[in-house]
Amino acid sequence: QQQVKQSPQSLIVQKGGISIINCAYENTAFDYFPWYQQFPGKGPALLIAIRPDVSEKKEGRFTISFNKSAKQFSLHIMDSQPGDSATYFCAAKLRGNKLVFGAGTILRVKS
Amino acid sequence: GAVVSQHPSWVICKSGTSVKIECRSLDFQATTMFWYRQFPKQSLMLMATSNEGSKATYEQGVEKDKFLINHASLTLSTLTVTSAHPEDSSFYICSGLGYLDTQYFGPGTRLTVL
């Protein structure tokens, strides 16, 4: 019940296209949903995050859509660029501030 | 803002030796820090939660006597891998809990045990 299921495992998008990564959860105790970007050999960097009382949040080219009733949330990267090529992790926070991470999505943006 | 550093960035050691990894929050105070390990092409697995001035809380299956965590100040937590073996080789990442309960991650430490 503490899992966060992330899909797809990998994704190839043309430059300028939209990248979409999806996550689903079961535990309704999760109260915060961040997305992290990780480049090889580096630590994860916070991209954008949302709380369950909001259905959408946009920051620049990155948008989180959140569907509380379906227990799903997704990351949209608009106008994807080769520099966006990285591994993306969704996560969900439990009380006590523990994060449960999805399995990750390897994004490759082709120029 | 919200920068976390780790030292060293990579370390190679012989089997049976101990290795200490430092995690510092540079521009904020982190009363809570987390330690993760990440194997190649896998997700982050939480090892333990440390709170300043108290004992760390370890996740199930993590040996607390092998992975010693000290959180002596609001800006420094250390992870010591004792009697390291090749199976301990991994990427170790710390994070500090900052504003609005957001976790800010360090750059990671690559440990290779020969």
Side-chain angles (χ1 to χ4, degrees), chain A residues 1-11 21 23-25 27 29-54 57 59 64 75 85-108, chain B residues 1-11 21 23-26 28 30-52 54 56-60 62 90-112:
Chain A
Q1 197 180 19
Q2 288 193 3
Q3 282 187 327
V4 177
K5 295 182 179 180
Q6 182 172 346
S7 62
Q9 189 175 8
S10 63
L11 180 62
I21 304 171
C23 286
Y25 65 97
N27 192 341
F30 291 136
D31 60 4
Y32 175 73
F33 301 87
W35 284 89
Y36 287 89
Q37 177 190 58
Q38 186 179 32
F39 292 104
K42 305 294 183 183
L46 178 67
L47 259 183
I48 186 171
I50 198 167
R51 298 194 184 273
D53 53 346
V54 177
K57 183 175 182 181
E59 289 184 1
I64 299 179
L75 175 69
S85 297
T87 300
Y88 292 81
F89 293 97
C90 63
K93 185 178 76 68
L94 290 165
R95 293 188 195 92
N97 294 308
K98 287 185 183 180
L99 285 178
V100 177
F101 282 86
T105 296
I106 300 171
L107 171 65
R108 179 184 165 207
Chain B
V3 178
V4 176
S5 71
Q6 279 183 245
H7 178 79
S9 55
W10 58 271
V11 56
I21 302 170
C23 175
R24 294 181 185 273
S25 56
L26 298 184
F28 68 104
T31 53
T32 302
M33 288 184 168
F34 301 87
W35 287 94
Y36 296 82
R37 64 189 299 182
Q38 185 179 35
F39 292 106
K41 299 190 186 301
Q42 292 190 23
S43 189
L44 286 81
M45 295 301 296
L46 179 65
M47 298 175 65
T49 303
S50 74
N51 291 293
E52 187 263 339
S54 62
T57 303
Y58 292 82
E59 295 300 299
Q60 192 172 10
V62 177
S90 189
F91 193 50
Y92 292 88
I93 312 171
C94 70
S95 69
L97 195 64
Y99 181 65
L100 293 180
D101 293 339
T102 298
Q103 284 193 33
Y104 297 95
F105 286 82
T109 296
R110 172 78 56 197
L111 170 63
T112 301

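Please read these numbers as outputs of a predicted model, since none were measured by experiment. Just so we're on the same page: letters track the sequence lines, and every chain starts at 1.
- Heavy atoms closer than 4.5 Å to chain B are found in both the backbone and the side chain of A:Phe101.
- In plain terms, the two heavy atoms of B:Tyr36 and A:Leu99 that are nearest each other are OH-CB, 3.9 Å.
- The contact between A:Ala103 and chain B is made entirely by backbone atoms, counting heavy-atom distances below 4.5 Å.
- Comparing A:Gly41, A:Ala91, A:Gly104 by heavy-atom pairs within less than 4.5 Å of chain B, the highest count is held by A:Gly41.
- Chain A forms the most heavy-atom pairs under 4.5 Å with one residue out of B:Leu97, B:Thr57, B:Ile93, and that residue is B:Leu97.
- Heavy atoms of A:Leu46 lying under 4.5 Å from chain B belong exclusively to its side chain.
- Between chain A and the options B:Val4, B:Thr32, B:Thr49, B:Thr102, heavy-atom pairs under 4.5 Å are most frequent for B:Thr102.
- Scanning for side-chain hydrogen bond (donor to acceptor under 3.5 Å, both in side chains) contacts around A:Lys98 gives B:Glu59, with sequence neighbours left out.
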request  = Start with the C-alpha gap between A:Asn97 and B:Phe34, add the side-chain angles, then the distance that decides, and say whether side-chain contact (heavy atoms from CB on, under 4.5 Å) holds.
outcome  = CA-CA 10 Å; A:Asn97 294 308; B:Phe34 301 87; 4.0 Å; yes

Show me the side-chain donor-acceptor pairs of residues 37-48 of chain B shorter than 3.5 Å, one per line, residues at least two apart or across chains.
residue, atom, partner, partner atom, Å
B:Arg37, NH2, B:Glu87, O, 3.4
B:Arg37, NH2, B:Tyr92, OH, 3.4
B:Gln38, OE1, A:Gln38, NE2, 2.9
B:Gln38, NE2, A:Gln38, OE1, 3.0
B:Gln38, NE2, B:Gln42, O, 2.9
B:Ser43, OG, A:Gly102, O, 2.7

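- Of the listed residues (A:Ala45, A:Pro44, A:Pro40), the one with the most heavy-atom contacts under 4.5 Å to chain B is A:Pro44.
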